[in-house]
Amino acid sequence: MKIPESSVINRMDLSGRSLIKLLDFTPEEIRYLLDVSKELKEDKKLKKSHRYLEGKNLVLLFEKTSTRTRCAFEVAGMDLGMGVTFLDSASSQMGKKESLADTARVLGRMYDGIEYRGYKQQTVVDLARYSKVPVFNGLTDQFHPTQILADLLTVEENFGRLNGINFTYMGDARFNMGNSLMVGCAKMGLNFTACAPADLFPDPALVAECQEVAAKSGGTITLTDDVEKGTRNADVLYTDIWVSMGEPDSVWSQRIKDLSPYQVNRKAMANANPNAIFMHCLPSFHDTNTTVGQDICSKYGISEMEVSDEVFESPQSVVFDEAENRMHTIKAVILAMLRNFNK
Ligand code: CP
Ligand code: NVA
């Protein structure tokens with residue numbers, strides 16, 4: 001199926017690029033990906049077919065678990081008319097009997113694009129190098145760029161702009177979500193605040209790099225351990241789970257101590273702007289309806305963690321719009337990077 005001439009997709013050509021981290025993309029390229037996402041979202045709502053990548057194939061490699069990212073890539077690929085294969089370490093040779101480099105060279109012969117979720121950022125770099133096809137980072141310990149595109153789209157849908165929005169991230173600011181949100185905000189001119197204990201601030205080298213980026217876009221970067229200061233006049237309060245995939249269970253006790261004051265609750269929301277929204281990449285521990293939630297509750301006596309159930313379920317919470325936007329933005333990335341890519 002041909003892309004209509006009037007489509008925003010034709011405005012730029014990112015074919016052959018990989019999405020390894022958002023730092024590699026200019027604000028204009030990110031703007032383009034968001035605009036393509038909006039068009040594809042509209043097409044989907046209108047049930048307008050957009051099978052622009054028929055005949056192409058995508059493989060999804062997951063070394064960590066996922067609901068949103070996997071489903072978003074699968075549905076996005078299928079909506080674009082692609083063949084999609086899911087592989088995890090339990091059901092393939094990857095990692096145990098075959099190195100990532102060998103796996104990449106095999107997959108690059110069969111597929112037009114590769115999505116990878118796992119631990120090291122270097123693995124995504126190596127996959128792109130060895131496979132010679134575009135690679136999409138579906139989360140590493142360091143970055144989660146496809147999540148950030150969905151988050152930026154959600155912010156823009158709520159406020160009609162990105163520039164000048166006061167965006168506060170509360171919680172573990174030195175892992176994938178804190179890092180990537182700081183990068184995305186810096187690129188697009190938002191005022192980013194990491195509100196966290198100083199031990200969990202992002203890496204100073206990344207902060208310095210983002211400060212340079214923000215100076216060009218008109219955004220700012222602030223690090224504070226003061227909850228009152230960090231939440232004051234915020235347009236967005238964002239949080240993530242306190243212990244990420246791949247971290248040992250032994251860190252729970254200290255993390256609960258360190259991050260309990262940074263919970264997004266009624267008091268934090270009341271200190272933010274009156275029309276502030278609550279965002280979370282999900283999954284979230286806002287109640288005890290999960291096995292981990294129950295386990296933590298029985299060990300530490302807390303029934304809600306990074307966000308109170310009240311805020312999570314409030315009208316200010318846009319978490320499910322945000323989750324839906326994963327699919328539209330991931331579709332834009334796949335289409336933009338594969339449409340004129342021929343192996
Ligand atoms: N937000 C996110 O990446 O969710 P999953 O872990 O379910 O993919
Ligand atoms: N920081 C979380 C993000 C999940 C989408 C993790 O890495 O587990």
Side-chain angles (χ1 to χ4, degrees), residues 19 21-22 37 58 60-77 84 86-89 115-121 123-124 136-155 169-184 194-196 200-203 206 236 238-252 255-256 258-259 262-264 278-286 289-293 296 305-307 312 317-331 333-334:
L19 176 53
K21 58 186 191 308
L22 271 189
S37 308
L58 180 66
L60 314 179
L61 306 183
F62 279 79
E63 293 195 310
K64 289 177 178 171
T65 51
S66 168
T67 297
R68 276 146 292 274
T69 309
R70 173 183 176 177
C71 297
F73 269 97
E74 292 210 14
V75 173
V84 184
F86 172 81
L87 276 188
D88 63 10
S89 359
E115 180 276 355
Y116 171 79
R117 164 172 288 198
Y119 299 87
K120 294 193 196 106
Q121 182 67 15
T123 305
V124 198
F136 312 117
N137 179 353
L139 177 146
T140 63
D141 288 350
Q142 202 181 0
F143 292 118
H144 194 6
T146 62
Q147 178 70 50
I148 307 315
L149 292 173
D151 296 342
L152 291 171
L153 179 62
T154 310
V155 171
Y169 174 81
M170 298 175 79
D172 178 5
R174 38 107 252 169
F175 215 70
N176 43 27
M177 285 310 304
N179 290 343
S180 316
L181 286 167
M182 180 168 67
V183 171
C195 184
L200 299 177
F201 280 169
D203 174 40
L206 184 63
V236 180
Y238 196 119
T239 191
D240 180 19
I241 47 168
W242 288 343
V243 175
S244 288
M245 288 182 278
E247 293 196 285
D249 283 347
S250 56
V251 303
W252 270 111
R255 224 31 92 62
I256 290 169
D258 290 344
L259 288 176
Y262 298 87
Q263 183 191 63
V264 181
F278 168 70
M279 296 180 68
H280 192 309
C281 53
L282 306 182
S284 161
F285 294 123
H286 58 96
N289 295 331
T290 59
T291 49
V292 174
I296 296 297
M305 291 188 243
E306 72 276 5
V307 55
F312 186 91
S317 172
V318 297
V319 296
F320 297 108
D321 295 334
E322 187 184 355
E324 178 192 326
N325 282 340
R326 296 296 310 285
M327 201 277 289
H328 306 299
T329 44
I330 281 172
K331 195 187 285 178
V333 168
I334 300 171

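Each ligand, and each atom within it, is numbered from 1 in the order the structure gives. In what follows, every heavy atom counts, from backbone to side chain, and hydrogens, waters and symmetry copies are set aside. The chain is numbered in sequence order, starting from 1.
The shortest N or O to N or O distance between Ser244 and ligand 2 is below 3.5 Å. Note: an N/O pair closer than 3.5 Å links Cys281 and ligand 1 by distance alone.
Between Asp172 and ligand 2 there is no heavy-atom distance shorter than 4.0 Å.
Atom CG of Leu139 and atom CG of Asn176 lie 4.5 Å apart (nearest 0.5 Å).
When heavy-atom distances to ligand 2 are checked against a 4.0 Å cut-off, Leu282 comes that close only through its backbone atoms N, CA, C and O. At a 4.0 Å heavy-atom cut-off, ligand 1 touches Leu282 through the backbone alone. Using a 4.0 Å cut-off between heavy atoms, Leu139 contacts ligand 2 through its side chain alone, with no backbone atom that close.
Between the side chains of Tyr119 and Gln142, not a single donor N or O lies within less than 3.5 Å of an accepting N or O. Looking only at atom types and distance, the side chain of Gln121 has a donor-acceptor partner in the side chain of Thr140 under 3.5 Å away. Under the 3.5 Å distance criterion, with hydrogens and angles disregarded, no donor-acceptor pair is assigned to the side chains of Tyr116 and Asn137. Judged by distance alone, the side chains of Thr154 and Asp321 never bring a donor and an acceptor atom under 3.5 Å apart. A donor and an acceptor atom, one from each side chain of Tyr262 and Glu306, are nowhere located under 3.5 Å apart.
Annotation: atom 7 (O) of ligand 1 to nearest protein heavy atom, Thr67 N, 2.7 Å. With respect to atom 4 (O) of ligand 1, the closest heavy atom belonging to the protein is Arg68 NE, 2.8 Å. Scanning the protein heavy atoms around atom 8 (O) of ligand 2, the nearest turns out to be Met245 N, 2.9 Å. Shortest contact from atom 7 (O) of ligand 2 to any protein heavy atom: Asn176 ND2, 2.8 Å. The nearest protein atom to atom 6 (O) of ligand 1, hydrogens excluded, is given as Arg117 NH1, 2.8 Å; this is a heavy-atom distance. Here the heavy atom of the protein found nearest to atom 2 (C) of ligand 1 is Arg326 NH1, 3.3 Å.
Counting heavy atoms only, Asp240 comes closest to atom 3 (C) of ligand 2 of the residues Asn179, Asp240, Thr140.
In summary, the atoms of ligand 2 found under 4.0 Å from a heavy atom of Ile241, numbered by their order in the structure, are 8 (O). Residue contact check: His144 has heavy atoms under 4.0 Å from atoms 2 (C), 3 (O) of ligand 1.
Judged by distance alone, with hydrogens and angles left aside, the side-chain atoms of Lys64 form no donor-acceptor pair with the main-chain N or O of Arg117 at under 3.5 Å.
In this structure, Arg70 forms no cation-pi arrangement with Phe62, as its terminal cationic atom is not both closer than 6.0 Å to the ring centre and no more than 45° off the ring axis.
Using cut-offs of 30° and 60° on the angle between ring planes, the pair Phe320 and Phe312 is perpendicular.
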request  = Evaluate the side chain to side chain contact (heavy atoms under 4.5 Å, CB included) criterion for residues Lys21 and Val183: first the C-alpha distance (whole Å), next the side-chain angles of each, then the deciding distance (0.1 Å), finally the verdict.
outcome  = CA-CA 9 Å; Lys21 58 186 191 308; Val183 171; over 6 Å; no
